[in-house]
Amino acid sequence: MLLETKGLTKRFGELTAVDEVNLQIQEGDSLSVIGPNGAGKSTTVNLITGLLNPTEGKVLYRGEDITGQEPHEIVQQGLSKSFQTASIFPDLTVERNAVVASLGAEHGSFSLNFLRRLGNYDDVLERAEQTMRDMGLYEQRHVEAKSLPYGDKRRLEMALALASDPDLLFLDEPTAGMSPDETDDTVDLIERIKEERGVTIVLIEHDMEIIFRVSDRIAVLNRGAKIADGTPDEIQGDPDVQEAYLGGVEI
Amino acid sequence: MSEQTEAATPGESADASGLLDRWDGLRERESFSIAGAIAFVVVFPMIFTNLPAYNGYMSLVELIYIWAIFAIGFDLLLGYTGLLSFGHAVFWGGSAYAAGLFSANVSGEPLLIVLVAMVTAIVLALIIGILSLRRGGIYFAILTLAFGQMMYFIALGPLGGITGGEDGFTGVTVDPLLGALELGTGFAGVLGTLLHDIGYVLFAGFFVLAVAAAVRIVRSPYGAIFQAIAENEQRVRFLGLNVWRYKLAAFVISGAFAGVAGGLHTIHAQYVAVGSLFWITSGDIVIITVLGGIGSIFGPVTGTIAFLYVENIVSGEIAFWLLVLGALFVTVVWLFPAGIWGIVTGIRSTVREQLLGDDS
Ligand SMILES: Nc1ncnc2c1ncn2[C@@H]1O[C@H](COP(=O)(O)OP(=O)(O)O)[C@@H](O)[C@H]1O
Ligand SMILES: [Mg+2]
């Protein structure tokens, strides 16, 4: 078991945003989390990756309890997250963005190397270059991140999440706001990441077509609670899901 | 994007751009900045001491180097890491007192005095950093201010017996450098014109060292991480980096610079004023850095020159010199948010565009 949540719960005052959610993710078995807006999808991911502390429940990664650890500790163990709104370094060049990401991957969470030249760290620079090439951003390496087109910004965001070679990658609505072409490219990219890097992906997505292309399993959240969990085919036929999420509409 | 790749290919680019490329290649080198700093300490006094109303004393030039070291370190925190400390007087004043006490009771060797000052500042920065950095933004500024004022009142009251209280610490005794070189000993001939005396070499030497250290830090992994933290702290955290430790490192490094400066100031003034711990000193270093331009190494140096010129020279000519300073600060920040150094770099890129013509 790569990742497991046990009774994961988050309350914001009166509101229970995540309600005793149990998830199980096997290595190589990509999961999509679906559910209407406000169902608690993002919050669930934030609880797992350490941005938020759960009110109750546990997160186990490779059998080890990582509940309440700092994000950087969690990332160092091989979990990574791509944000719903591109979280990049706008005033730095694409290359700088990739270099910072590679530093976290090559040197651990902290290193006392303030008198060492960055230019001499070949491992860091190579990883940055490789990441940029993989994501098709190498040509734009001297461009300030803020002047990238929207789709490229999202790709840079994903590049940052991938630079650390994670085993488990969380993608929170990676295609939100994208044009159909950009969406297609992004889905291709996700499939490539899965295959070439062997990353297990947890995808939050609304578009059913994408979900069926990318995921091996689907978990459905509604009002914070998990109401179904299974293969795409099972989910498709589940009456609860039809009712709660899809409003009875056929998919 | 296509512009960039075009400019990078040689081909038909004019001579001017070829030269500029070579110039850029040179400027990229670390040794360039250090050579620049050395040239600066040779040339600067020749120009500065001939400015209007300047009565020709070298002491102010040395004082500028000392404050510039303080400002360079402060900018590593403010400009690069994006953290505004309002309590840096603690490191400047605290290290100045440590230097004074050490000189009076243990050794008057200038290099040891500076070392003790630096270590003192590092220890203070570790403690205050750990206590203040837990909170971000305005809370951090207020906490540092509070710790600074606390130290001021401690030096004034409870520790008055040691620090000299309101009168300041007067027991500073500075020995010759390395036991042999009296700081006041002047050089003869050309060396005299260029480097003046041993004291000048000491202060200017530490200034050059500070520039070299800052350039190296900015080009180390820390430089990249500091800038990233300033731009998007949460992202840095999610890249697996321990933001809290890097912030503390930035705080301690800037404290170390302030410590070196504070120690040098004790040697220079042969006295420690209790005002060195007062919040106004913390404010001065913020003004100097912002006036010169944050996020660069030479910006804070420029700010120091402007500030100390007004504070020491203009003040002799105009009674309302604080008003002059205020007006200068407001004007620069209002019209040129990138500070005086920002004006310089702005002119530089305009000239470049002219030189390159249609190329770009
Ligand atoms: N930091 C927060 N404070 C208070 N309420 C929050 C916070 N974050 C999310 N919520 C609430 O929790 C619920 C789940 O939000 P979210 O996880 O973002 O949903 P989803 O990603 O499925 O659209 C929503 O009702 C939202 O308003
Ligand atoms: Mg969401």
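- Side-chain contact between B:Tyr222 and A:Leu112 is present, with heavy atoms from C-beta onward closer than 4.5 Å.
- Contact count against chain B (heavy-atom pairs under 4.5 Å) is highest for A:Ile88 among A:Asn97, A:Ile88, A:Leu79.
- Residue B:Arg245 places its CZ atom among 12 or fewer non-hydrogen atoms of other residues, nucleotides or ligands, all under 6.0 Å distant.
- More than 12 heavy atoms of other residues, nucleotides or ligands lie within 6.0 Å of CZ in B:Arg216, so this atom counts as buried by the packing criterion.
- Comparing A:Gly50, A:Ser164, A:Pro90, A:Gly108 by how many heavy-atom pairs each has under 4.5 Å with chain B, the most go to A:Pro90.
- Looking at A:Ser102, there are no atoms closer than 4.5 Å to chain B (heavy atoms on both sides), in backbone or side chain.
- To the nearest 0.5 Å, atom CH2 of residue B:Trp244 and atom CZ of residue A:Phe110 are 10.0 Å apart.
- Residue contact with chain B, scored on non-hydrogen atoms closer than 4.5 Å, involves the side chain of A:Arg96 exclusively.
- Minimum heavy-atom separation, A:Arg116 to B:Pro221: O-CD, 3.3 Å.
- When side chains are defined from C-beta on, B:Leu241 counts as touching A:Val100, because their heavy atoms get closer than 4.5 Å.
- Neither the backbone nor the side chain of A:Gln77 comes within contact range of chain B, judged by heavy atoms closer than 4.5 Å.
- The number of heavy-atom neighbours closer than 6.0 Å to OH of A:Tyr150, taken from other residues, nucleotides and ligands shown, is above 12.
- The parts of A:Ser111 that come within reach of chain B are both its backbone and its side chain, each placing non-hydrogen atoms under 4.5 angstrom from that chain.
- A 6.0 Å sphere centred on NZ of A:Lys194 holds more than 12 heavy atoms belonging to other residues, nucleotides or ligands.
- In this structure, the side chains of B:Phe238 and A:Ser87 stay at 4.5 Å or more apart for every pair of heavy atoms.
- Counting only heavy atoms from C-beta outward, the side chains of B:Gln234 and A:Phe83 approach each other to under 4.5 Å.
- Counting heavy-atom pairs under 4.5 Å between each of A:Asn113, A:Leu92, A:Leu103 and chain B puts A:Asn113 at the top.
- Neither the backbone nor the side chain of A:Ala163 comes within less than 4.5 Å of any heavy atom of chain B.
- For B:Tyr246 against A:Ser109, the heavy-atom pair with the smallest separation is CE1-O, 3.3 Å.
- Of the listed residues (A:Glu70, A:Arg117, A:His107, A:Glu73), the greatest number of heavy-atom pairs within a distance under 4.5 Å of chain B belongs to A:Arg117.
- Per-residue counts of heavy-atom pairs under 4.5 Å with chain B were compared for A:Val99, A:Leu148, A:Ile74, A:Leu115; the largest is that of A:Leu115.
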